[in-house]
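Take a look at the structure below.
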Amino acid sequence: MKIQGHSLYQEMQSMMLESRAVSTDLALPKQPAINTSQSDFSAMLKGALDNVNALQGESRNLSTAVEMGDPRVSLAQAMIAGQKASLAFDATVQVRTKLVEAYKEIMSMPV
């Protein structure tokens, strides 16, 4: 079976155009244009921070359970949760640093 990349790409483009034509034919009320890239980025950033917070909370709970002698939680589980939280926090700090550097670079550009 021989697949032609160019013809496959053309077929995908024609299918995309057909789907756009069908969707524009529908009588849907027009929505006001919003900046989705900004809202998507802020939602993604908030989700990432919430994830880091959840990992740190889980690590804290497991550490407390081990310290209290809970037989359902092993030391290995607590240590793994702590390492996951630490890695997630380190990655978040690196992302924050890159964002601050990018902001400073943009602000120093002449207008």
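All figures in this text were calculated on a predicted structure; none of them were measured in a lab. In what follows, every heavy atom counts, from backbone to side chain, and hydrogens, waters and symmetry copies are set aside.
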* **Contact list for residues 96-111, test side chain to side chain donor-acceptor pair (under 3.5 Å), sequence neighbours left out** =>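 Not a single pair qualifies under side chain to side chain donor-acceptor pair (under 3.5 Å).
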* **Residue pairs fulfilling side chain to side chain donor-acceptor pair (under 3.5 Å) with at least one residue in residues 63-73, sequence neighbours excluded** =>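 Pairs touching residues 63-73 that pass the test: D70-R72.
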* Quick one: closest heavy-atom pair of F41 and L99, and the distance? =>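 Nearest heavy atoms, F41 then L99: CZ-CD2, 4.1 Å.
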* Of all heavy-atom pairs between S59 and G82, which one has the smallest distance, and what is that distance? ->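 Heavy atoms only, the tightest pair is OG-CA, 3.2 Å.
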* Please say whether more than 12 non-hydrogen atoms of neighbouring residues, nucleotides or ligands are located less than 6.0 Å from CE in M68. =>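 Result for CE/M68: open.
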Output the distance between atom [atom1] ([X]) and atom [atom2] ([Y]), rounded to the nearest 0.5 Å.
| X | Y | atom1 | atom2 | result |
| --- | --- | --- | --- | --- |
| D50 | K46 | CG | NZ | 4.0 Å |
| T92 | N53 | OG1 | CG | 10.5 Å |
| N51 | K84 | CG | NZ | 10.5 Å |
| Q56 | N61 | CD | CG | 12.0 Å |

If hydrophobic clusters are built from ILVMFWY residues whose side chains come within less than 4.5 Å, do [X] and [Y] share one?
| X | Y | result |
| --- | --- | --- |
| F89 | L55 | no |
| I106 | V100 | no |
| V95 | V93 | no |

* Asked: Any donor and acceptor pair, going by atom type alone, linking the side chain of Q77 with main-chain N or O of S74 inside 3.5 Å?
  ->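 Side chain of Q77 to backbone of S74: a pair is present.
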